[in-house]
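What follows is a set of notes on a single structure, which appears directly below.
Read the numbers this way: they start at 1 and go in the same order the structure lists the ligands and their atoms.
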Amino acid sequence: MTTASIRRGYHVIKTILHFGLDDLIPKHKKPWYFAIVRNSLFWVRNKHKTKSPAERLKLAMQDLGPVYIKLGQMLSTRRDLLDDEWAYQLAMLQDRVPPFDSALAREAIEAELGAPIATYFDDFNDTPLASASISQVHTATLKSNGKAVVLKVLRPNVEQQILADLQLMTQTANLLETLLGDGNRLRPAEVIEDYRTTILGELNLKLEALNAIKLRNNFLGSNSLYVPFVYEEHSYQRLMVMERIYGIPVSDTEALRAQGTNFKLLAERGVELFFTQVFRDNFFHADMHPGNIFISREHPDDPFYIGLDCGIMGTLTEVDKRYLAENFLAFFNRDYHRIAQLYIESGWVSEHTDIIAFEQAVKVVCEPMFNKPLDEISFGHVLLELFRTARHFDIVVQPQLVLLEKTLLYIEGLGRQLYPQLDLWQTAKPFLENWMSEQVGPKAMFNKVKSNAPFWADKLPEFPELIYDNLKLGRKLLGTQQQMLDKYLRYQQKSHKSNYLLITSAVLLICGTILFTQIVTLWPAYTCIGAGILIWAIGWRSRPKNRKF
Ligand SMILES: Nc1ncnc2c1ncn2[C@@H]1O[C@H](COP(=O)(O)OP(=O)(O)OP(=O)(O)O)[C@@H](O)[C@H]1O
């Protein structure tokens, strides 16, 4: 552990105590030395007693900076773990970060390019276009084609800071897990592990560049999403160069209204975009907060989205995807039994779950939603409520599903903000039904055969040899089976014969004993006993010896 990380650890603990978050640990779980350490090393009192614990957590995270703010934002979507008030407070976290010195930005860019900025770019602007928690964005012109570009560069030492914070978070989470015991549902270690994967993904701009290229290719020629062109040859782990876009931020409703944007179409395209990414491409943008979404200026009557920041992308397994689609359809068909069944079949909840009790719980959650008009029903909330209900049945939420839930909530929030009467179901239903019909039924079977055709074409030349080998093996197996059958029949015959002799000998011995006690002449008794012993000996000897066939 370095001095810097000890200092950071001290600061984090001080902030936790400053906001009285230690009150959240039940008294009986605190070790005996807790109060001594607290009072001798940290001279801080909880100065926010009047605020709720959830608000205090939000303020502490805000104070601790970008890594904690991002963690809080991620946590706000874990409705399967958190209650409403906590999720609400954490969702309000905003990362406003002052820019860093442009000299440092230049230095970092040139280190990645391995050459002065002027080798490849003209008009590099020292005043950043934007400054975010992890990176800073500068504008320039690409020398080779004269096009306007932006250079996104990571903040200096951001990796070290994040890694140090993550290490500390992991240690704290493990400590909390020990203090709170096994039975707690917060699972801090698991939450931090998920977060680690997400945030480390954001630290590699080369990866982000590749994600952006893939997403752009998925939507080439589309009328709903545009992803700026990425200059892969100038993209590295700490630097990414891409086409500059001039869209209107999606949150700037005033500007959108002023240019006469068709809000209904835009909102519907948002929903369509989400379902296309999840179900058609299985590659969805999972960080769709308003800062990353812009709207085209051209043709406001036929608007499209411009997507930035492809650091966090999600994919679902084929199984999860299918269950998710069925889940939505079952919900809108009010088939609660099917929903309960789907949760069990997919493995999201344990197979030992009491399906009747779970179905009842699902019904309690879903039924009131149907009292609302369809244009007020939220997919995100349905999913969220279902996950929350499943919490009582020990749901294991996959991180990818959490990403999806978060994205869905963003998209819906956005859609409703743009066009409050948006009927999600009307927009999504045809898409989902069409997709489902492609997954099951004759069309799906035909598609599967079609997609497996190259495999079979590859294997076809091996067929005659395989058939010959199998026939040979089959004949051999048949011979072995016949031998085993013969052995078994012989065993049965021997066993019947021996049983018959042993029973006869028993009868003779019993008769002999009775005669011996009842009549005066003894020779019939002796004959019976003698014959019984003889037959027993023959029967015993003729027992089948080997039971193996
Ligand atoms: N291609 C571009 N053209 C114009 N502006 C851009 C472009 N890329 C990024 N920006 C501006 O820079 C801002 C930050 O970019 P981006 O969201 O990619 O950074 P980030 O560090 O990943 O931020 P976040 O905190 O959202 O993770 C954007 O909100 C946008 O204003």
Side-chain angles (χ1 to χ4, degrees), residues 61-62 65-74 76-77 91 93-100 102 104-105 108-109 121 123-125 127-142 147-159 161-162 165 195 197-213 215-216 225-232 234-235 237-252 255 285-297 304-314 403 406-407 410 414:
M61 287 188 142
Q62 187 94 49
V67 179
Y68 286 82
I69 291 172
K70 276 196 174 285
L71 171 70
Q73 288 170 339
M74 190 195 89
S76 71
T77 60
L93 282 164
Q94 302 268 331
D95 53 346
R96 290 194 198 92
V97 189
F100 62 89
S102 64
L104 290 174
I109 293 169
F121 304 96
D123 320 316
F124 179 84
N125 194 340
T127 312
L129 178 68
S131 182
S133 46
I134 292 179
S135 63
Q136 186 154 296
V137 174
H138 290 264
T139 58
T141 309
L142 193 66
K147 296 223 164 131
V149 291
V150 299
L151 290 85
K152 179 171 171 177
V153 59
L154 288 189
R155 287 185 160 262
N157 301 324
V158 71
E159 294 99 326
Q161 280 169 22
I162 288 180
D165 272 347
Y195 179 55
T197 320
T198 312
I199 196 149
L200 291 185
E202 283 212 70
L203 285 179
N204 188 347
L205 295 183
K206 185 78 192 174
L207 193 72
E208 182 178 328
L210 295 176
N211 285 340
I213 292 170
L215 189 64
R216 179 184 159 87
L225 176 70
Y226 181 80
V227 179
F229 182 85
V230 173
Y231 293 90
E232 202 188 340
H234 293 310
S235 296
Q237 206 217 310
R238 314 195 81 246
L239 171 71
M240 178 176 165
V241 178
M242 67 188 134
E243 167 192 353
R244 180 175 180 185
I245 54 102
Y246 297 90
I248 301 172
V250 73
S251 49
D252 193 350
H285 194 301
D287 194 13
M288 289 194 104
H289 64 79
N292 291 338
I293 308 173
F294 289 73
I295 307 300
S296 57
R297 287 181 193 271
F304 57 86
Y305 292 89
I306 303 171
L308 298 177
D309 195 0
C310 299
I312 309 172
M313 301 298 294
L403 272 186
K406 177 176 136 182
T407 310
Y410 270 138
L414 189 73

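- Formation of a donor-acceptor pair under 3.5 Å by the Q136 side chain with backbone atoms of F100 is found in this model.
- The shortest N or O to N or O distance between A130 and ligand 1 is not below 3.5 Å.
- Looking at heavy atoms from C-beta onward, N125 lies out of side-chain contact with H138 at the 4.5 angstrom threshold.
- At under 3.5 Å, a nitrogen or oxygen of K70, whether backbone or side chain, sits near a nitrogen or oxygen of ligand 1.
- H234 places no side-chain N or O within 3.5 Å of a backbone atom of L239 that could act as its donor or acceptor partner.
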List the steps and the verdict of side-chain contact (heavy atoms from CB on, under 4.5 Å) for R155 and Q161. CA-CA 10 Å; R155 287 185 160 262; Q161 280 169 22; over 6 Å; no

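- The heavy atom nearest to atom 31 (O) of ligand 1, considering only F294, Y246, F229, is found in F294.
- Which of V227, V241, L308 comes nearest to atom 10 (N) of ligand 1 through a heavy atom is settled by distance: it is L308.
- Note: an N/O pair closer than 3.5 Å links E243 and ligand 1 by distance alone.
- In this structure, the separation between NZ on K206 and CG on N211 is 12.0 Å, given to the nearest 0.5 Å.
- With a 4.0 Å cut-off on non-hydrogen atoms, V137 touches ligand 1 through its side chain and not its backbone.
- Among V150, V230, L205, the residue whose heavy atom lies closest to atom 2 (C) of ligand 1 is V150.
- With Y305 contributing its side chain and V250 its backbone, the two residues share no donor-acceptor pair below 3.5 Å.
- Atoms of ligand 1 lying under 4.0 Å from at least one heavy atom of L129, given by number and element, are 4 (C), 5 (N).
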